[in-house]
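In the text below, chain A, chain B and the rest are named by the order of the sequence lines, each starting its count at 1.
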2 protein chains.
Amino acid sequence: MPDRDDRITLSHGAGGTAMAQLIDSVFTVAYGDPSAPRDDSAILFPDRAGFEIPPDQGAEQGIAFTTDSFVVDPIFFPGGDIGRLAVAGTVNDLLTSAARPFAISASFIIEEGFPIADMRTIACSMRDTAEECRVRIVTGDTKVVPRGSADKLFVTTSGIGRVLRPGVSGASAKPGDAVILTGSIGDHGAAVMLARENLLQTEAIVSDAAPLTDIVMSLVEAGCDIHAMRDPTRGGIGSALNEIARQSGVAIEIDESAVAVKPAVAAACEALGIDPFYVANEGKMLIIVAAPDADRALEVVRKSRYGQQAARIGGVRPLPAGRVQVRTSIGTSRILSPPSGELLPRIC
Amino acid sequence: MPDRDDRITLSHGAGGTAMAQLIDSVFTVAYGDPSAPRDDSAILFPDRAGFEIPPDQGAEQGIAFTTDSFVVDPIFFPGGDIGRLAVAGTVNDLLTSAARPFAISASFIIEEGFPIADMRTIACSMRDTAEECRVRIVTGDTKVVPRGSADKLFVTTSGIGRVLRPGVSGASAKPGDAVILTGSIGDHGAAVMLARENLLQTEAIVSDAAPLTDIVMSLVEAGCDIHAMRDPTRGGIGSALNEIARQSGVAIEIDESAVAVKPAVAAACEALGIDPFYVANEGKMLIIVAAPDADRALEVVRKSRYGQQAARIGGVRPLPAGRVQVRTSIGTSRILSPPSGELLPRIC
């Protein structure tokens with residue numbers, strides 16, 4: 001018998017340290033460039049013949065490319081469905097590179113027996129979400145597997161965007177930068193957990209799944225000096241902030257009282273025994289911006305539909321590199337460590 | 001109780017008419033452009049700001065974008081595995097638009113308990129296949145679902161390529177064109193079926209899964225007047241030829257004796273009760289080329305590793321539009337209809 005470490009566990013898909021180790025030990029070794037930044041999109045510089053332009057030949061404008069599989073359970077939940085989640089998630093990943101999303105692909109793995117009416121609802125939800133953020137779904141694939149070989153429906157979306165502001169990366173946060181969060185945390189994860197467990201569902205807890213194109217494009221157009229962005233999905237802002245701190249080799253300090261958690265979400269998280277800092281969001285962005293531009297950036301973000309509750313939640317410090325600290329409302333300080341294991345399977 | 005027609009069946013994933021109906025009734029209605037050609041890749045024309053260039057403004061060089069999910073069972077089979085299949089399949093789809101593939105994304109849905117050693121083998125197989133055809137795997141995602149929610153491993157790859165020759169499309173075949181097929185048919189489907197059923201496996205039956213970059217790039221560089229290409233995967237050449245005939249509004253006539261089927265593959269297909277014309281290939285290309293260039297194109301293709309057995313198998317006729325006919329070796333003629341239902345589930 002192989003021991004436990006030799007098999008994939010749910011922790012390996014949770015967006016935490018176990019997943020990072022799997023990527024290091026399997027995927028990066030096999031085909032990645034270990035020195036490449038671990039961002040949500042890859043940035044490509046193809047020439048007219050379809051070859052990569054070498055970095056020293058000064059290609060100025062890249063193409064962002066990203067992919068994500070969605071396995072959320074249930075596929076319909078308060079505030080959205082797997083289709084909206086997929087389009088918004090892929091669009092938001094492109095946006096983290098300050099790219100304008102222009103095309104999405106959608107591939108479906110469907111369990112035999114899945115209702116066609118549900119398939120149509122989800123396809124329409126994808127269309128509506130794509131129209132909302134002015135991106136086109138241009139190509140797709142459909143595979144059907146026998147009953148029992150998949151659970152209902154999995155959707156994989158990929159996206160392409162044009163990079164409008166080069167150099168925005170999780171590796172580009174600088175000491176002195178401000179950290180902006182575009183709204184409250186934990187809404188998506190709490191909504192899905194309650195729906196899955198058939199627990200008390202309230203109108204106060206709905207997924208925030210949304211494409212954030214307006215927020216990011218407004219920031220780019222306003223010329224704000226954005227350094228890094230990340231949409232805090234699996235693993236929540238706890239995971240996303242740790243990724244940025246590690247990639248950039250900086251410390252990040254967060255003011256707990258500035259991080260909004262809706263009372264109903266906070267209560268649900270407490271009842272479920274989970275920390276909202278580690279709960280998935282699907283319509284929020286962490287934005288690391290040069291301090292002189294912070295107030296203006298906040299003003300720009302707040303004008304967008306999904307950014308009205310945006311707040312400056314902290315700042316970037318030089319040391320200790322890779323560490324995220326939270327100043328609590330009672331004046332103490334705690335370390336926000338990267339999540340290690342499984343928190344919420346099939347949350348996105 | 002909803003009746004049978006209201007639920008997804010295996011036929012909906014088989015690459016035949018049931019699948020086309022599902023795409024028409026659900027996916028195209030919901031988000032597609034029904035007038036767009038049904039090719040394996042979408043062609044995009046983004047400007048520097050990330051907006052689509054309108055067709056009348058003469059963007060000359062497009063970006064090809066494609067996606068495919070792979071659910072093959074078993075994941076390891078003679079001649080390949082799900083990883084090689086995914087990279088080759090995505091590369092070949094880009095090639096059908098005469099595009100040079102330059103980047104691939106890979107997203108994994110893994111069942112809890114899947115052996116990490118197998119994951120590593122598959123990742124290495126993807127790297128090897130990508131290196132073979134000089135494409136980079138640049139971004140990815142990993143989701144883990146609880147045991148029983150997926151069958152081992154599903155891989156979704158998307159790809160981007162630079163279109164080198166505009167206008168190559170399933171809708172561009174013209175009466176008088178020649179039809180070239182790059183090698184024997186049925187190898188992949190037969191290999192997977194025998195492996196799955198634990199039937200007699202022989203060295204004579206191995207999957208042909210392979211990236212066909214060299215074949216297509218050589219044709220483009222030689223300046224051959226290619227009109228249409230399609231890699232005959234699900235549904236085999238029967239399905240692919242019917243798609244081209246319908247899209248282009250032409251008839252296609254195939255000479256059965258010119259279509260190579262390895263004796264062992266022919267025997268296996270007969271034993272399994274399936275027609276090799278409808279069995280999946282994963283390393284073959286149908287190439288529709290202007291007649292004056294046919295001999296030269298054949299010569300170019302035969303110089304490539306995977307095109308040595310290429311043959312001119314037929315031609316394009318004006319009428320009856322949308323029909324594919326096969327002239328048999330005994331001089332009779334039969335219609336090769338599009339496959340309607342399920343032939344071989346989880347073949348790719």
With a 4.5 angstrom heavy-atom cut-off, is it the side chain or the backbone of [X] that approaches chain B, or both, or neither?
{"X": "Asp47(A)", "value": "backbone"}
{"X": "Leu153(A)", "value": "neither"}
{"X": "Arg134(A)", "value": "neither"}

Could you have a look at [options] and say which one has the most heavy-atom pairs with chain B under 4.5 angstrom?
{"options": "Gly113(A), Ser158(A), Gly161(A)", "answer": "Gly113(A)"}
{"options": "Val71(A), Ile43(A), Ile160(A)", "answer": "Ile160(A)"}
{"options": "Glu111(A), Glu112(A), Glu52(A)", "answer": "Glu112(A)"}
{"options": "Ala117(A), Pro146(A), Ala130(A), Ser125(A)", "answer": "Pro146(A)"}
{"options": "Ser149(A), Ala150(A), Ala42(A)", "answer": "Ser149(A)"}
{"options": "Ala99(A), Ser25(A), Ala103(A), Pro46(A)", "answer": "Pro46(A)"}

Can you tell me how far the [atom1] atom of [X] sits from the [atom2] atom of [Y], to the nearest 0.5 Å?
{"X": "His12(B)", "Y": "Thr142(A)", "atom1": "NE2", "atom2": "OG1", "result": "10.0 Å"}
{"X": "Phe70(A)", "Y": "Lys143(B)", "atom1": "CZ", "atom2": "NZ", "result": "5.5 Å"}
{"X": "Phe27(A)", "Y": "Asp141(B)", "atom1": "CZ", "atom2": "CG", "result": "9.5 Å"}
{"X": "Leu22(B)", "Y": "Phe108(A)", "atom1": "CG", "atom2": "CZ", "result": "9.5 Å"}
{"X": "Ile8(A)", "Y": "Lys152(B)", "atom1": "CD1", "atom2": "NZ", "result": "14.5 Å"}

Is [X] close to chain A through its backbone or its side chain, or both, or neither, when contacts mean heavy atoms under 4.5 Å?
{"X": "Asp73(B)", "result": "neither"}
{"X": "Ile347(B)", "result": "neither"}
{"X": "Arg234(B)", "result": "side chain"}
{"X": "Ile122(B)", "result": "neither"}

Closest-packed option against chain A by number of heavy-atom pairs under 4.5 Å, given Glu131(B), Arg147(B), Met119(B):
Met119(B)
For Ala49(A) and Arg100(B), the nearest pair of non-hydrogen atoms, with its separation, is O-NE, 2.7 Å
Does a side-chain heavy-atom distance below 4.5 Å link [X] with [Y]?
{"X": "Val144(A)", "Y": "Leu10(B)", "value": "yes"}
{"X": "Thr156(B)", "Y": "Thr67(A)", "value": "no"}
{"X": "Thr139(B)", "Y": "Asp93(A)", "value": "no"}
{"X": "Asp151(B)", "Y": "Val145(A)", "value": "no"}

I would like to know whether Arg162(A) and Phe51(B) meet side-chain contact (heavy atoms from CB on, under 4.5 Å); could you show each step before the answer?
CA-CA 8 Å; Arg162(A) 178 67 87 182; Phe51(B) 293 109; over 6 Å; no
Under 30°, 30 to 60°, or over 60°: which ring-plane class applies to Phe65(B) and Phe65(A), parallel, tilted or perpendicular?
perpendicular
